[in-house]
S.K.: 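Before anything else, here's the structure in question.
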Amino acid sequence: MRATSIDSSAAEQSWLELTTRVEATQQIVGGDWEVSDTNSRKCADGSVNWCVTRLGPGVATADRAALFDRVEVAWKAFGWHAVRTRIGGEPPGLQLRYPTGGALDDGFFVELGSTVHGTTIGAQTPCAVGDVDELNHEQFAFNNTPVYTPTPASSPTALTPTPRTP
């Protein structure tokens, strides 16, 4: 372990709190999810944050409003007063976002978007005191993702590399 002069417990707590809430949202939606989170990133002198990205199943148009109602209740309990908007395109979908646009002063935001083809959760932890090099060296985010289960290579949803032709 490398010596560090920065106590990363605030950043670690920020990660754990957000990913636990994101996992709760995943449970409300249901289905299988892929995890695509970043390593910690420097966001201010001596501070870090993470981007959290989860890719999940599509939701039928007829079920989406009720699902978003349930997510909205959970998010309000977290203190997130999200705004619901329609997503254009084909097929159309719905989005919940807090704050409405951009990020809070500390860098935090969370959004849920869903169509019949897929659901995504994107979020960014608040900028918190932490040592980016130490957190990435110990792979803090990877080793502390609630219920993280990598997709086995034999899974029908796993990405398969395209063979190179000579």
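A quick note: this is a predicted structure, and the numbers were derived from the prediction, not measured. We count residues from 1, following the sequence as given.
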S.K.: Is there a path of hydrophobic side-chain contacts, each under 4.5 Å between heavy atoms of I, L, V, M, F, W or Y residues, that connects Leu104 with Val22?
M.R.: yes

S.K.: Between Gln26 and Thr19, is a side chain to side chain contact (heavy atoms under 4.5 Å, CB included) present by the stated rule, with each step listed?
M.R.: CA-CA 10 Å; Gln26 290 173 237; Thr19 56; over 6 Å; no

S.K.: What orientation do Tyr98 and His81 show, parallel under 30°, tilted 30 to 60°, or perpendicular over 60°?
M.R.: perpendicular

S.K.: Would a single hydrophobic cluster contain both Val71 and Phe109, if residues Ile, Leu, Val, Met, Phe, Trp and Tyr are joined by side-chain heavy-atom contacts under 4.5 Å?
M.R.: no

S.K.: Is Asp133 salt-bridged to Lys42, cutoff N-O under 4.0 Å?
M.R.: no

S.K.: Let me confirm one number: the CG-CH2 distance from Leu55 to Trp33, rounded to the nearest 0.5 Å.
M.R.: 8.0 Å

S.K.: Using only atom types and a distance under 3.5 Å, with no angle test, would you say the side chain of Ser14 pairs donor to acceptor with the backbone of Ala10?
M.R.: no

S.K.: Could you check if a side-chain atom of Ile121 sits within less than 4.5 angstrom of a side-chain atom of Val52, using non-hydrogen atoms only?
M.R.: no

S.K.: Taking a hydrophobic cluster as the set of Ile, Leu, Val, Met, Phe, Trp and Tyr residues connected by side-chain heavy atoms closer than 4.5 Å, whether directly or through intermediates, do Ile28 and Phe78 fall within one such cluster?
M.R.: yes

S.K.: Within the 4.5 Å heavy-atom criterion, are Glu12 and Asp7 side-chain neighbours or not?
M.R.: no

S.K.: Check Cys51 against Gln124 and note the closest heavy-atom contact, atom names and distance.
M.R.: SG-OE1, 3.6 Å

S.K.: Determine whether the side chains of Trp75 and Thr25 contain a donor N or O and an acceptor N or O closer than 3.5 Å.
M.R.: yes

S.K.: Ignoring hydrogens, what is the shortest heavy-atom contact between Ala11 and Gly130? Give both atom names and the distance.
M.R.: CB-CA, 4.1 Å

S.K.: Supply the atom-to-atom distance Phe108 CZ to Asn49 CG, rounded to the nearest 0.5 angstrom.
M.R.: 11.5 Å

S.K.: Can you tell if the side chain of Glu111 reaches within under 4.5 Å of the side chain of Thr120, non-hydrogen atoms only?
M.R.: no

S.K.: Using modelled atom types only, decide if a donor and an acceptor are shared between the side chain of Ser8 and the backbone of Asp131 within a distance under 3.5 Å.
M.R.: yes

S.K.: Would you call Thr61 and Val116 a side-chain contact if the rule is heavy atoms closer than 4.5 Å?
M.R.: yes

S.K.: Test side chain to side chain contact (heavy atoms under 4.5 Å, CB included) on Val29 and Leu67 and set out the steps.
M.R.: CA-CA 7 Å; Val29 175; Leu67 171 69; 4.1 Å; yes

S.K.: Would you check if the side chain of Thr53 reaches a backbone N or O of Gly122 as a donor-acceptor pair within less than 3.5 Å?
M.R.: no

S.K.: Is atom CG of Asn143 surrounded by more than 12 heavy atoms (other residues, nucleotides or ligands) closer than 6.0 Å?
M.R.: yes

S.K.: For Ala65 and Arg84, which heavy atoms make the closest approach, and how far apart are they?
M.R.: O-NH1, 3.6 Å

S.K.: Taking atom CZ of Arg54 and atom CG of Asp37, what is their separation to the nearest 0.5 Å?
M.R.: 4.0 Å

S.K.: Is Val59 close to Phe68 at the side-chain level, that is, under 4.5 Å between some pair of heavy atoms?
M.R.: no

S.K.: With heavy-atom distances below 4.5 Å as the criterion, would you say the side chains of Arg97 and Val110 are in contact?
M.R.: no

S.K.: Using only atom types and a distance under 3.5 Å, with no angle test, would you say the side chain of Thr115 pairs donor to acceptor with the backbone of Gly93?
M.R.: no

S.K.: Taking side chain as C-beta onward, heavy atoms only, is Leu16 less than 4.5 Å from Asn144?
M.R.: yes

S.K.: So Arg86 and Leu94, side chain to side chain contact (heavy atoms under 4.5 Å, CB included) or not? Walk me through it.
M.R.: CA-CA 5 Å; Arg86 295 192 186 280; Leu94 286 177; 4.1 Å; yes

S.K.: Got a second to check how far Ser114's OG is from Ile87's CD1, nearest 0.5 Å?
M.R.: 7.5 Å

S.K.: Measure the SG-CG distance between Cys127 and Asp105 for me, rounded to the nearest 0.5 Å.
M.R.: 11.5 Å

S.K.: Quick one: pull up CG in Asn39 and CZ in Phe142 and give me the separation to the nearest 0.5 Å.
M.R.: 10.5 Å

S.K.: Is it possible for you to say whether Leu112 and Trp80 belong to one hydrophobic cluster, with membership spreading through side-chain heavy-atom contacts below 4.5 Å?
M.R.: yes

S.K.: Does Ser47 reach the main-chain N or O of Cys43 with its side chain, forming a donor-acceptor pair under 3.5 Å?
M.R.: no

S.K.: If you compare all heavy atoms of Ala82 against all heavy atoms of Glu72, which two are closest, and at what distance to 0.1 Å?
M.R.: O-OE2, 3.8 Å

